[in-house]
K.L.:
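If you scroll down you'll find the structure; I have some questions about it.
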Amino acid sequence: MHFYISDLAKASGLTPANIVMIMNNAPETLGDEDFSKGRGVARSLSVLGLKRLALIGAISKLGIGIIPSARLAHLFANEQPYGEVKGDLPSNCGSLVTREVREDIYIRDEDFFRIGSYPLQESDFRFLEVLLGSGLKYKKKALHGDLLMEIVDNSLIYMATSNLAGINILDPHLQAAYKINNWDKGNYPNITHAWSVTEDELNKWQNIRENALTRSTVNVSLAIREAFFKVIPMKTAHRD
């Protein structure tokens with residue numbers, strides 16, 4: 001399954017020109033080696049690339065430039081421990097199926113078999129596609145277990161999963177990911193991983209976090225679900 005630039009733009013909130021700029025100037029950030037087939041707006045991305053663009057679009061809404069957003073998304077995608085394959089990002093679509101939802105939808109056994117027949121990195125996209133076709137009324141909302149990315153003073157990156165009460169503030173060992181610098185002008189960031197520093201240094205990071213001028217949170221999973229929801233009707237129309 002591939003998505004053309006018009007679909008990708010609608011899904012991610014980026015302009016076609018933004019997407020072409022990323023493809024031309026930072027292609028490695030898209031996590032997809034197939035898009036080079038074709039030229040200009042004729043190029044396309046897989047579900048993996050769609051997810052990456054969804055995160056790039058969300059980061060860019062913080063006022064960060066397109067290329068720095070792409071490089072930060074690439075770094076985050078490869079450092080976080082979730083997803084079906086390395087560099088994948090979790091949509092957390094499974095959490096859409098609550099007890100109340102189960103009473104309103106009907107999923108056939110053959111639909112589950114069909115999902116299992118697709119490549120692993122497409123499974124969550126196909127799952128949401130089946131849910132929508134089975135009567136799910138999708139709502140834009142944060143879900144328990146969503147992956148969150150927190151940018152602290154443009155220098156510290158934390159990651160966490162949300163609970164029903166919002167962001168779960170845990171021990172810094174569990175959330176600190178890395179410290180970055182020299183990245184906001186489009187350069188690749190210099191990285192200091194949390195696992196490589198001392199206890200005292202981690203505590204300093206946490207103090208910076210608690211007393212930060214800016215703490216911006218991106219709900220990574222929600223950004224991906226929104227992208228899926230926007231593009232699924234178009235993919236269905238193409239098949240019809």
Side-chain angles (χ1 to χ4, degrees), residues 12 26 28-31 47-64 68-96 121 124 141-184 188-228:
S12 66
E28 69 287 346
T29 65
L30 296 170
V47 172
L48 201 66
L50 171 63
K51 289 181 176 182
R52 198 67 67 83
L53 277 178
L55 178 54
I56 294 169
I59 294 172
S60 71
K61 289 178 181 177
L62 301 175
I64 297 171
S69 293
R71 289 185 168 146
L72 187 55
H74 174 64
L75 175 63
F76 185 83
N78 284 290
E79 292 289 335
Q80 56 83 34
Y82 305 100
E84 299 293 349
V85 295
K86 182 172 175 58
D88 192 11
L89 291 162
S91 66
N92 196 27
C93 283
S95 292
L96 289 167
Q121 58 266 35
D124 50 352
K141 61 183 295 187
L143 298 174
H144 181 76
D146 281 352
L147 177 62
L148 306 176
M149 173 187 190
E150 187 179 84
I151 306 171
V152 180
D153 280 348
N154 274 9
S155 64
L156 290 174
I157 305 298
Y158 278 68
M159 65 179 70
T161 55
S162 63
N163 59 25
L164 295 178
I167 301 174
N168 192 13
I169 304 299
L170 299 172
D171 181 89
H173 291 89
L174 299 178
Q175 285 199 303
Y178 38 86
K179 185 175 185 179
I180 56 176
N181 56 53
N182 194 37
W183 68 279
D184 51 351
Y188 265 103
N190 296 323
I191 309 166
T192 304
H193 289 93
W195 51 259
S196 70
V197 302
T198 64
E199 181 84 20
D200 286 345
E201 184 66 17
L202 277 180
N203 289 331
K204 288 179 183 177
W205 289 13
Q206 185 67 6
N207 184 60
I208 292 171
R209 183 189 191 200
E210 292 171 357
N211 298 284
L213 289 175
T214 61
R215 285 173 59 177
S216 304
T217 302
V218 176
N219 188 323
V220 178
S221 300
L222 179 57
I224 293 168
R225 289 196 301 275
E226 282 290 289
F228 284 0

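Side chains are part of it too, since the values below use all heavy atoms of this structure and drop only hydrogens, waters and symmetry mates. From a predicted model like this one, the values you see are computed outputs, not experimental measurements.
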K.L.:
Among all residues two or more places apart in sequence or in another chain, which pass the side chain to side chain contact (heavy atoms under 4.5 Å, CB included) test with S12?
P.N.:
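For S12, the residues satisfying side chain to side chain contact (heavy atoms under 4.5 Å, CB included) (neighbours in sequence not counted) are L14, I19, L53.
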K.L.:
Between H193 and I191, what is the shortest heavy-atom contact and its length?
P.N.:
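Minimum heavy-atom separation between H193 and I191: CE1-CG2, 3.8 Å.
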K.L.:
Any side-chain heavy atom of I59 within less than 4.5 Å of one from M149?
P.N.:
yes
K.L.:
Strictly distance-based, threshold 3.5 Å: is any side-chain N or O of N92 a donor or acceptor partner for the main-chain N or O of L222?
P.N.:
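No; judged by distance alone, with no hydrogens or angles, the pair does not exist.
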K.L.:
When you measure from the side chain of R225 to the backbone N and O of K141, does any donor-acceptor pair fall under 3.5 Å?
P.N.:
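Yes, because the side chain of R225 sits within donor-acceptor range (under 3.5 Å) of the backbone of K141.
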K.L.:
Rounded at 0.5 Å granularity, tell me how far CG in D124 sits from NZ in K51.
P.N.:
3.5 Å
K.L.:
I need the L72 CG to I157 CD1 distance, nearest 0.5 Å.
P.N.:
5.0 Å
K.L.:
For the atom pair OG (S221) and CG (L148), what is the distance rounded to the nearest 0.5 Å?
P.N.:
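Going from the OG atom of S221 to the CG atom of L148 covers 7.5 Å.
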K.L.:
The criterion is side chain to side chain contact (heavy atoms under 4.5 Å, CB included); which residues satisfy it with S216, sequence neighbours excluded?
P.N.:
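Counting only residues at least two positions away or on another chain, S216 forms a side chain to side chain contact (heavy atoms under 4.5 Å, CB included) with L62.
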K.L.:
Can a donor-acceptor pair be found, under 3.5 Å and without considering hydrogens, that links the side chain of R52 to the backbone of A73?
P.N.:
no
K.L.:
Specify the closest pair of heavy atoms between A223 and A54, including all atoms of both residues, with the distance to one decimal.
P.N.:
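Result for this residue pair: O-CB, 3.7 Å.
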K.L.:
Which pair of non-hydrogen atoms, one from S196 and one from T192, has the smallest distance, and what is that distance?
P.N.:
OG-CG2, 4.0 Å
K.L.:
Given side chains that start at C-beta, do those of D88 and L48 come closer than 4.5 Å, heavy atoms only?
P.N.:
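A side-chain contact exists here, since the closest heavy-atom pair is under 4.5 Å.
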K.L.:
Specify the closest pair of heavy atoms between F228 and C93, including all atoms of both residues, with the distance to one decimal.
P.N.:
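Shortest heavy-atom contact: CD2-SG, 4.2 Å.
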K.L.:
Could you list the residues that satisfy side chain to side chain contact (heavy atoms under 4.5 Å, CB included) with T214, not counting sequence neighbours?
P.N.:
D153
K.L.:
For the residue pair A176 and L202, what are the closest heavy atoms and their distance?
P.N.:
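Heavy atoms of A176 and L202 come nearest at CB-CD2, 4.0 Å.
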K.L.:
Counting N and O atoms only, with roles assigned by atom type, does the side chain of N78 sit under 3.5 Å from a partner on the main chain of H74, one being a donor and the other an acceptor?
P.N.:
yes
K.L.:
Roughly how far apart are S91 OG and L143 CG, rounded to 0.5 Å?
P.N.:
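These two atoms lie 9.5 Å from each other.
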K.L.:
Would you compute the distance between atom OG of S69 and atom CZ of F76 and round it to the nearest 0.5 angstrom?
P.N.:
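It comes to 13.5 Å.
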K.L.:
What distance do N181 atom CG and L156 atom CG have between them, rounded to the nearest 0.5 Å?
P.N.:
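Nearest 0.5 Å value for the CG-CG distance: 10.5 Å.
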K.L.:
Closest approach of I224 and P90, non-hydrogen atoms and distance?
P.N.:
CD1-O, 3.8 Å
K.L.:
Quick one, T217 and Y158 - any side-chain contact, counting heavy atoms below 4.5 Å?
P.N.:
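Answer no - side chains too far apart.
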